Amino acid sequence: MSDPVLLTADAVERVYRLGRDIEVPALRGVSFAVDRGEYVAIVGSSGSGKSTLLNLLGVLDRPTSGQVRYDGRDVREMGDTDLAALRNRRIGFVFQSFHLLPRLTAVDNVALPLIYRPGTPRSRRDAAVRALTQVGLADRLEHRPTELSGGQQQRVAIARALVTDPALILADEPTGNLDSVTGLDIMTLLEQLQSERGTALVVITHEHQIAQRAQRTIELRDGLVVSEAPA
Amino acid sequence: MSPREAVRVALQALAANRLRSALTTLGVLIGVMSVVLLVAIGQGARSEITSAIEGLGSNLLFVLPGDGDFGSGPTRSRFVLDDVERIDQRLPGAQRRTAGSTVGAETLQVDGERVSASVQAVTASYPDVLNRELARGQLFTESDVVTSRRTAVLGASVAEELFARQDPIGRQVSIGGVQFRVTGVLTRIGGDGSPFGPDQDRTALVPITTGQRLFGVDRLDSIFVRASSTAAVDADREVIRAALGERLDEDEFSVVSQDEIIGVVGDILAILTGVLAAIAGISLLVGGVGVSNIMLVSVSERTREIGLRKALGARTRDITAQFLLEAVALTALGGLIGLGLGIGGSHLVAAFAPVPAEVTWWSVALALGTSVAVGLVFGVLPARRAGKLDPVEALRRD
Ligand SMILES: Nc1ncnc2c1ncn2[C@@H]1O[C@H](COP(=O)(O)OP(=O)(O)OP(=O)(O)O)[C@@H](O)[C@H]1O
Ligand SMILES: [Mg+2]
């Protein structure tokens with residue numbers, strides 16, 4: 001744990017192939033590092049490759065070339081089981097469209113990542129209740145997503161991301177579907193986790209207001225990092 | 001993911017779509033139900049026929065025309081009444097152990113009542129050799145046979161239908177237009193007219209000579225010999241062969257034991273039962289295709305869920321197992337309900353229809369095993385498709 005670096009992206013390229021011979025280079029050689037507990041904002045115009053980058057950092061996808069390293073380990077050398085374990089133990093995702101399972105209650109949604117690791121139903125539920133309490137939804141445990149407001153749904157999603165006690169939370173436009181006041185609440189909640197629990201936070205955002213609050217901002221344009229500035 | 005958790009997740013997913021799950025499982029349900037029911041009926045028929053043959057008493061030998069190959073066509077009998085005597089004289093012991101019969105279908109008539117029955121022209125030894133008892137009255141004697149007396153012993157059903165509650169003994173009955181005097185009534189055998197054999201009680205016995213004249217034949221259809229013990233069956237068979245061999249060629253008659261007949265009947269019914277089970281099995285397969293189909297729909301509907309689960313740490317294997325379990329849960333559920341209905345149906349059939357039905361443990365095991373196997377086989381394709389989904393693509397879907 002002495003190494004402050006959590007993950008590195010090294011000359012990462014990602015080329016999408018459309019059909020036989022159309023190639024879309026979404027990332028064209030991106031390099032940067034994220035330290036443990038750091039708060040980084042990724043900005044850039046639409047289509048600049050932000051989501052592509054986040055998927056690579058979340059090991060949902062592998063780079064066409066270049067390296068993504070977690071704790072010094074190259075992601076490309078990991079198999080399906082290792083990658084799944086990495087996502088389950090080290091990474092929490094927060095999506096723009098929440099991605100809650102509609103037929104599950106808030107508690108069950110939050111407990112979802114825990115079923116992919118050892119533990120009893122009891123311990124899972126306890127952990128989920130703690131996480132929901134932490135995001136201020138202790139009184140909404142048995143509500144289904146359709147019975148919650150957008151802001152509340154995103155809080156459930158954040159609880160689901162933090163219930164595994166990850167080293168990193170990746171958020172792709174977490175406020176994109178929310179009004180500005182609610183969006184600010186959500187950002188405050190994420191930042192609170194980052195500062196209180198020491199969880200690294202990487203947030204994609206369109207809003208300058210939000211980007212300014214990060215410790216560092218990385219700006220992408222056409223698949224390249226054009227500026228990397230401490231806020 | 002722990003197996004327990006996996007089962008819970010699978011059942012939850014099925015419960016979320018109750019009607020669809022129920023309809024999907026219907027094919028397997030019907031398949032299993034038909035397997036259990038049809039096999040039960042086949043098995044019931046088999047034991048009924050077996051017990052009917054066994055009811056003739058043990059250690060019986062049948063002398064039949066032809067070479068005894070069930071595959072060859074019917075052969076004209078060349079047995080005559082003298083053959084019965086010839087065999088009996090060679091067999092050890094003083095008791096009559098040989099009987100002969102020839103059978104014809106005739107209409108029996110008393111006043112206005114008419115009944116058609118199988119009229120068996122038999123030797124006087126017939127009831128002893130074939131274990132048939134008289135409920136009342138008596139059988140004709142050997143001298144009745146010699147003099148071709150027109151006397152008859154009626155089967156229980158025939159007596160009841162012709163004479164209702166009156167005493168038939170001593171009454172006249174017309175058989176094929178000839179008047180006979182009733183001297184006795186046979187004990188009821190029961191099993192009233194199952195589809196698997198003629199009603200044993202819808203019959204009349206007449207002296208063999210009288211019957212031959214009535215039917216216009218001078219042959220016997222078959223000869224029956226009761227061996228003195230199981231151990232004597234083979235020895236007696238040789239005696240019969242030797243006795244008949246003096247007069248007939250080897251391929252003009254055959255001697256088969258009761259066990260051999262039961263064996264052949266059992267084989268035929270086993271094949272029949274197998275064919276029925278196979279036909280029912282086809283509906284299981286069709287049910288499996290339905291399961292596969294619905295699971296594919298389910299995978300495509302839940303693409304986002306699959307992407308999410310992968311993002312949260314599910315391995316390819318976890319996703320595949322989840323969908324495979326769902327498919328198996330569907331078919332196993334259908335199998336269990338089908339089994340219940342099949343067993344219930346068998347009891348109903350046995351209780352209310354003239355068809356016997358016996359549920360066998362192997363059809364139950366087969367049906368349940370097959371339904372689980374169908375789930376596995378037909379679940380594999382959708383489950384693998386689910387497992388292989390790319391999480392990024394899957395999450396983007398809406
Ligand atoms: N699956 C894909 N197949 C082909 N091209 C893709 C695919 N995903 C993304 N792209 C392309 O890659 C580029 C970057 O896409 P990406 O989604 O990373 O942009 P973004 O910065 O997240 O945009 P936005 O702010 O609109 O979400 C775009 O030009 C896009 O068209
Ligand atoms: Mg994006």
Side-chain angles (χ1 to χ4, degrees), chain A residues 14 16 26 51-62 78-105 108-121 123-124 144-145 157 160-161 163-164 166 169-170 172, chain B residues 1-22 294 297-326 329 383-398:
Chain A
R14 180 65 170 96
Y16 292 109
S51 295
T52 303
L53 179 60
L54 204 79
N55 290 335
L56 290 171
L57 299 185
V59 299
L60 291 170
D61 193 13
R62 294 182 211 214
M78 298 191 195
D80 176 66
T81 302
D82 286 343
L83 291 178
L86 182 59
R87 291 195 285 258
N88 187 241
R89 287 164 195 288
R90 309 281 281 151
I91 304 171
F93 289 94
V94 178
F95 305 95
Q96 178 176 349
S97 48
F98 321 138
H99 283 322
L100 300 175
L101 294 188
R103 60 171 193 273
L104 299 187
T105 61
D108 286 341
N109 263 296
V110 172
L112 201 54
L114 298 180
I115 69 173
Y116 299 109
R117 51 167 73 184
T120 62
S123 69
R124 284 198 291 269
R144 285 171 208 280
R160 183 180 62 194
V163 75
T164 59
I169 289 183
L170 297 172
D172 192 343
Chain B
M1 190 162 37
S2 74
R4 215 181 115 201
E5 194 58 33
V7 169
R8 202 179 59 88
V9 170
L11 291 181
Q12 233 169 29
L14 295 182
N17 252 319
R18 274 196 200 89
L19 180 60
R20 185 206 275 180
S21 304
I294 286 297
V297 171
S298 173
V299 168
S300 107
E301 276 178 0
R302 284 150 68 194
T303 300
R304 253 159 60 124
E305 171 187 335
I306 294 164
L308 177 73
R309 285 180 183 273
K310 284 198 157 183
L312 298 183
R315 295 167 299 178
T316 298
R317 188 182 331 160
D318 294 321
I319 301 291
T320 306
Q322 179 188 334
F323 280 87
L324 202 54
L325 256 171
E326 271 184 41
R384 289 183 57 128
R385 181 168 291 187
K388 277 198 210 141
L389 279 178
D390 173 51
V392 176
E393 295 287 327
L395 279 170
R396 216 200 310 270
R397 190 85 74 80
D398 37 26

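Note that the structure is predicted; figures quoted are calculated from it, not measured. Chain naming here is simple, since letters A, B, ... match the order of the sequence lines and numbering starts at 1 in each.
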Based on non-hydrogen pairs under 4.5 Å, which of B:Ala314, B:Gly307, B:Pro391, B:Ala16 is most in contact with chain A?
-> B:Ala314
Given a strict heavy-atom distance threshold of 4.5 Å, which part of A:Leu83 is in contact with chain B: side chain, backbone, both, or neither?
-> neither
With only heavy atoms counted, which part of A:Pro102 is less than 4.5 Å from chain B, the side chain, the backbone, both or neither?
-> neither
Is there a donor-acceptor contact under 3.5 Å from the side chain of [X] to the main chain of [Y]?
{"X": "B:Asp318", "Y": "B:Arg315", "value": "yes"}
{"X": "A:Asn109", "Y": "A:Leu104", "value": "yes"}
{"X": "B:Lys310", "Y": "B:Leu389", "value": "yes"}

Contacting region of B:Ala6 [heavy-atom separation from chain A under 4.5 Å] | neither
Is it the backbone or the side chain of B:Glu305 that comes under 4.5 Å from a heavy atom of chain A, or both, or neither?
-> both
Counting heavy-atom pairs under 4.5 Å to chain B, which of A:Arg117, A:Arg124, A:Arg89 comes out on top?
-> A:Arg124
Against chain B, work out which of A:Ala85, A:Ser97, A:Pro113 has the most heavy-atom pairs shorter than 4.5 Å and name it.
-> A:Pro113
Pairwise side-chain contact, A:Leu101 with B:Arg309, heavy-atom cut-off 4.5 Å (strictly under) = yes
Rounded to the nearest 0.5 Å, how far does CD1 of B:Ile319 lie from CZ of B:Arg385?
-> 15.5 Å
Do B:Arg317 and A:Thr81 pass the side chain to side chain contact (heavy atoms under 4.5 Å, CB included) test, and can you show the C-alpha distance, the side-chain angles, and the key distance before you say yes or no?
-> CA-CA 9 Å; B:Arg317 188 182 331 160; A:Thr81 302; 3.8 Å; yes
